[in-house]
Amino acid sequence: GNIDSLLNVLKTAKDSSRASTLVATASYYAQNGNEEALSYIDELKKYVDKSKSKYFNARWLQVNGIYFYYKHELDKCISNYEKAVVLFTELNDKKELGRTLNNLGLALQEAGKADASLNFYNQAIKIRREIKDSVGLARTLNNLGMAYMELGKFNLSIDALQQSIVLDEKNNNVKGI
């Protein structure tokens, strides 16, 4: 599958293409809560330190956030995402900024701070609409709907979830529905 081809690319990839592959590989393992992610995260950090790349530093923070989210170390997760948001904002990388704001909202919600998550979901929604990221937008609207539900704001929840479903249908995203 996907991880096999990533591991294959890592055998020969150099410099920024290697760093991109490290991000993808670390993310894959991190999303499965797998300790295997750590060696790729560490190698990515070495690349960041050597290259002084702000972009890959932001991606490194983002992958750390993913790793700590799945380890339920939410304070560390939130801290990494907050730092990544600053860097993606400075870089004007709206796609990654939208993704990270969404993930920050999720981490806050998971930490029992659904009210605080709303701000980040709404920022992510604004960006994802602006860059026409309809798959990401559907995901964030779904998260916003769940946060509103948790807060007992059922009309707002239904509205966000319905918008998410409409987008998922347009995108043929069966998994989202």
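- Checked by atom type and distance alone, the side chain of R18 pairs as donor or acceptor with a backbone atom of L10 at under 3.5 Å.
- Rounding to the nearest 0.5 Å places NZ of K46 at 10.5 Å from CG of L22.
- Under a 3.5 Å cut-off, the side chain of N34 and the backbone N or O of E36 do form a donor-acceptor pair.
- Note on ring orientation: taking the six-membered ring where Trp is involved, the planes of F88 and Y55 are perpendicular (angle over 60°, cut-offs 30° and 60°).
- Between the side chain of S157 and the backbone N or O of M146 there is no donor-acceptor pair closer than 3.5 Å.
- Residues Y67 and L38 form a side-chain contact, since some pair of their non-hydrogen atoms from C-beta on lies under 4.5 Å apart.
- The side-chain heavy atoms of Y69 and E110, taken from C-beta on, include a pair separated by under 4.5 Å.
- The line from CD of Q123 to CG of L101 is 5.0 Å long, rounded to the nearest 0.5 Å.
- When the side chains of ILVMFWY residues are joined at heavy-atom separations under 4.5 Å, either directly or via intervening members, L161 and L106 end up in two distinct hydrophobic clusters.
- Both V63 and Y70 sit in one connected hydrophobic cluster of ILVMFWY residues. Membership requires side-chain heavy atoms under 4.5 Å apart, directly or through other members.
- The hydrophobic cluster containing L108 also contains L156, counting ILVMFWY residues as joined when their side-chain heavy atoms lie under 4.5 angstrom apart, directly or transitively.
- Here the side chain of S79 pairs no donor or acceptor atom with the backbone of D75 at under 3.5 angstrom.
- For the atom pair I125 CD1 and L137 CG, the distance stands at 6.5 Å (nearest 0.5 Å).
- Side chain to side chain, N8 and K11 meet the donor-acceptor criterion of an N or O pair below 3.5 Å.
- Contact detail for A107 and C77: the closest heavy-atom pair is CB-SG, 3.6 Å.
- At a threshold of 4.5 Å between non-hydrogen side-chain atoms, the residues K71 and E35 count as touching.
- Between R99 and Q62, the closest side-chain pair of non-hydrogen atoms falls below 4.5 Å.
- Closest non-hydrogen pair, A30 versus A37, comes out as N-CB, 3.6 Å.
- Annotation for Q109 and Y121: closest pair OE1-OH, 2.6 Å, computed over non-hydrogen atoms.
- If you take CG on L44 and CG on L61, they are separated by 9.5 Å, rounding to the nearest 0.5 Å.
- From R139, atom CZ reaches atom OG of S164 across 10.0 Å, with rounding to the nearest 0.5 Å.
- Cluster annotation: L91 and V85 are assigned to the same hydrophobic cluster (Ile/Leu/Val/Met/Phe/Trp/Tyr, side-chain heavy-atom contacts under 4.5 Å, transitive).
- Residues Y148 and L118 have side chains in contact (heavy-atom distance under 4.5 Å, counting atoms from C-beta outward).
- Taking both residues in full, the closest heavy atoms of G65 and N80 are given as N-CB, 3.9 Å, listed atom of the first, atom of the second, then distance.
- At a threshold of 4.5 Å between non-hydrogen side-chain atoms, the residues Y40 and S27 do not count as touching.
- The two residues I127 and K94 have their closest heavy-atom pair at CG2-O, 3.3 Å.
- Scanning for salt bridge (charged side-chain N to carboxylate O under 4.0 Å, His left out) contacts around D93 gives an empty result, with sequence neighbours left out.
- Contact annotation: the side chain of F120 never approaches that of N102 to less than 4.5 Å [non-hydrogen atoms, C-beta and beyond].
- The two atoms that bring S117 and G105 nearest to each other are CB-O, 3.1 Å, heavy atoms only.
- Taken together through direct or relayed side-chain contacts under 4.5 Å among Ile, Leu, Val, Met, Phe, Trp and Tyr, V166 and L141 form parts of separate hydrophobic clusters.
- Side chains of K76 and N64 form no contact here, defined as non-hydrogen atoms less than 4.5 Å apart.
- Between L97 atom CG and L87 atom CG the span is 10.5 Å, to the nearest 0.5 Å.
- With T140 contributing its side chain and G136 its backbone, the two residues share a donor-acceptor pair below 3.5 Å.
- With respect to the salt-bridge test (charged N to carboxylate O, under 4.0 angstrom), the residues D49 and K45 qualify.
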